[in-house]
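Remarks on the structure that follows.
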Protein chains: 2
Amino acid sequence: MAALHDDVLDALGRRIVGGELAAGAVLTLDDIDTEYDVSRSVSREAVRVLASMGMVASRRRVGLTVQPRTRWQVFDPRLIRWRLDSEDRAAQLRSLGELRSGFEPVAAGLAAVRATPEQCGALTAAVGDMVVHGRAGDLEAFLAADIAFHRVLLEASGNEMLAALDGVVAEVLAGRTHHHLMPTRPKGEAIDLHVEVARAVRAGDAVAARAAMESIIAEATDAVVADATTSTILGGDGEHA
Amino acid sequence: MAALHDDVLDALGRRIVGGELAAGAVLTLDDIDTEYDVSRSVSREAVRVLASMGMVASRRRVGLTVQPRTRWQVFDPRLIRWRLDSEDRAAQLRSLGELRSGFEPVAAGLAAVRATPEQCGALTAAVGDMVVHGRAGDLEAFLAADIAFHRVLLEASGNEMLAALDGVVAEVLAGRTHHHLMPTRPKGEAIDLHVEVARAVRAGDAVAARAAMESIIAEATDAVVADATTSTILGGDGEHA
DNA sequence: TCCGGCAAAAGATCAGATTTATTTCGGAAT
DNA sequence: ATTCCGAAATAAATCTGATCTTTTGCCGGA
């Protein structure tokens, strides 16, 4: 399973995100052919995708110009992944968090109106898992249940654009857990809020679902901010290269 | 300015969005070469981008399989445009509207905290234009000012993902105006709310900015719903095939 | 019935020809 | 002598047709 052009795409994407290839830098297909020892169509296909993400622009006689960040399609999951893997991680998580505070309450409100019985069941099941694993202190299992909960909720919103953001939410939750921005044992009140969202959705209470979700996000934001403050006091968060 | 592969990409994208090529349908590069009378790398590059948007998946010996909608990268501006140009327009506008009700209030709140003096000035100027053209009943000029207002606000949020949604908002606003989901003359109260957002941002009042923006969206949603209801009563909205 | 190898189908890759936009150089007019 | 215009040179993307590789379905034998 080679996927040569995919390798080149990934390598170039990371170099651009990482800043090695800054905005305004120019390179040619020939450079890429030589550097990665691939043929024309391989470099071309990689570059074509990069161009479709707004990261480079190609002009005859000039070459490929790296575009400024304002042109990037920042909702592309690949780009999000690259940024999360780079020194940009903190900024990316902050952006995603702020975004989430906007759309997740809306999704909760819509889900209360539109969720099918099956989705209500899945939501309840996920909450049950969160309670169990939260009490047991199994962070990975808790994370999985948390991700499942939010995924079902977004899907139940009946809005395909909100549903498409499930990957974003999963990344944020996973990032928080794996970079130790979570308490060693999930807080009881956070879990209670998830229980409340599930209840409100089952009851068809959009206002309550929305309010509970807003509290979840607010609580999460506070937790991250508190941790960041602590890290700063302690002299860094250990994430920078 | 040929851009052969871009033509093929556009044609294929529209066929998939339009439903002519439904999920599960398979086609081969050879089919594309023949049908559009282009050579391999042209079809390949078009397909590569389509694959990066989650619309098709390619497998050796099988060909290109059109993917179900749940796999699509629905935040890709190209896909949004295709959907807005297709019979899917109503659903796309609804999705975008719901999404907007989530993130625009957040953006307003952040802008109140982060907007630079220049951005405050641009916001005030845009609001001024809205007032003038709204009173004059010049819908196109009003639309342009409206779009400018929201663009500046999103940019002032200091969050590049929110800023990247400016195209989405512009499409929604333009779609509403051009498909006559707006009153012939913009409502005074809607304009007043924009004035209030600008004032709150200048004053650094995040809570007020957020609240005013929520009112703007709610007002807009009501207007569209009211129109849709009227259209239904009148026997259809003219958008269905 | 099950296993292994053969052959075809289709995507993946390659080397090379073509097109186009920029730049530069030469000549003429000022 | 300088500036302006146009044509030729050139660099780089774009496109083409052929070749390679992998996957899968089929067939024959155990």
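Throughout, protein chains are lettered first and strands after them, A, B, ... in sequence-line order, and every chain is numbered starting at 1. Remember, predicted model here, so these are calculated numbers, not experimental data.
Here A:Arg48 reaches the OP1 or OP2 of D:dT14: one of its side-chain N or O atoms lies under 4.0 Å away. Side-chain nitrogen and oxygen atoms of A:Arg60 include none within less than 4.0 Å of the OP1 or OP2 phosphate oxygen of D:dA11. Close to C:dA10, at under 4.0 Å from its OP1 or OP2, lies no side-chain N or O of B:Arg59.
In this structure, the salt bridge (charged side-chain N to carboxylate O under 4.0 Å, His left out) partners of B:Arg48, at least two apart in sequence or on a different chain, are A:Glu45. Remark: B:His194 engages B:Phe149, B:His150 in a ring-ring contact (aromatic ring centres under 6.0 Å, His included) (not counting sequence neighbours). In this structure, the salt bridge (charged side-chain N to carboxylate O under 4.0 Å, His left out) partners of B:Arg100, at least two apart in sequence or on a different chain, are B:Glu104. Judged as a ring-ring contact (aromatic ring centres under 6.0 Å, His included), and not counting sequence neighbours, A:Phe103 has no contacts.
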Name each donor-acceptor pair under 3.5 Å that joins a side chain in residues 27-40 of chain A to protein atoms two or more places apart or in another chain, with its distance.
residue, atom, partner, partner atom, Å
A:Thr28, OG1, A:Asp30, N, 3.4
A:Thr28, OG1, A:Asp31, N, 3.0
A:Thr28, OG1, A:Asp31, OD1, 3.2
A:Thr28, OG1, A:Asp31, OD2, 3.3
A:Asp30, OD1, A:Arg40, NH1, 3.3
A:Asp31, OD2, A:Thr28, N, 3.1
A:Asp33, OD1, A:Ser43, OG, 2.6
A:Asp33, OD2, A:Arg40, NH1, 3.1
A:Thr34, OG1, A:Asp30, O, 2.9
A:Glu35, OE2, A:Arg15, NH1, 3.1
A:Tyr36, OH, A:Arg15, NH1, 3.0

Less than 3.5 Å apart, which donor and acceptor atoms pair up between the side chains of residues 54-65 of chain B and the rest of the protein, not counting sequence neighbours?
none

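Contacts between residues 22-35 of chain A and DNA chain D, defined by a heavy-atom separation below 4.0 Å, involve A:Leu27, A:Thr28, A:Leu29, listed by number.
With respect to B:Arg83 and B:Asp76, no salt bridge is recorded, no charged nitrogen being found less than 4.0 Å from a carboxylate O. A salt bridge links A:Asp10 to A:Arg14: one of the charged nitrogens lies within less than 4.0 Å of a carboxylate oxygen.
At whole-Å resolution of the value, NE2 in B:His5 and C1' in D:dC15 are 10 Å apart. Taking atom CZ on A:Arg44 and atom C1' on C:dA12, their separation rounds to 16 Å, with Å as the unit. Separating the OH atom of B:Tyr36 from the C1' atom of D:dC15 is a distance of 18 Å, rounded to the nearest angstrom.
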For nucleotides 14-17 of chain C, which of its nitrogen or oxygen atoms have a protein nitrogen or oxygen under 3.5 Å away, and what is each distance?
residue, atom, partner, partner atom, Å
C:dC14, OP2, A:Ser39, N, 2.9

Between the protein and nucleotides 8-10 of chain D, list the N/O to N/O atom pairs that are separated by less than 3.5 angstrom.
residue, atom, partner, partner atom, Å
D:dT10, O2, A:Arg61, NH1, 2.2

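Counting only residues at least two apart or on different chains, the salt bridge (charged side-chain N to carboxylate O under 4.0 Å, His left out) pairs with a member in residues 149-158 of chain B are B:Arg151-B:Asp166. Applying the ring pair (Phe, Tyr, Trp, His ring centres under 6.0 Å) definition to pairs two or more places apart or across chains, those involving residues 56-76 of chain A are A:Phe75-B:Phe75. Within the structure, salt bridge (charged side-chain N to carboxylate O under 4.0 Å, His left out) contacts touching residues 108-127 of chain B (residues at least two apart or in different chains) are A:Glu98-B:Arg114.
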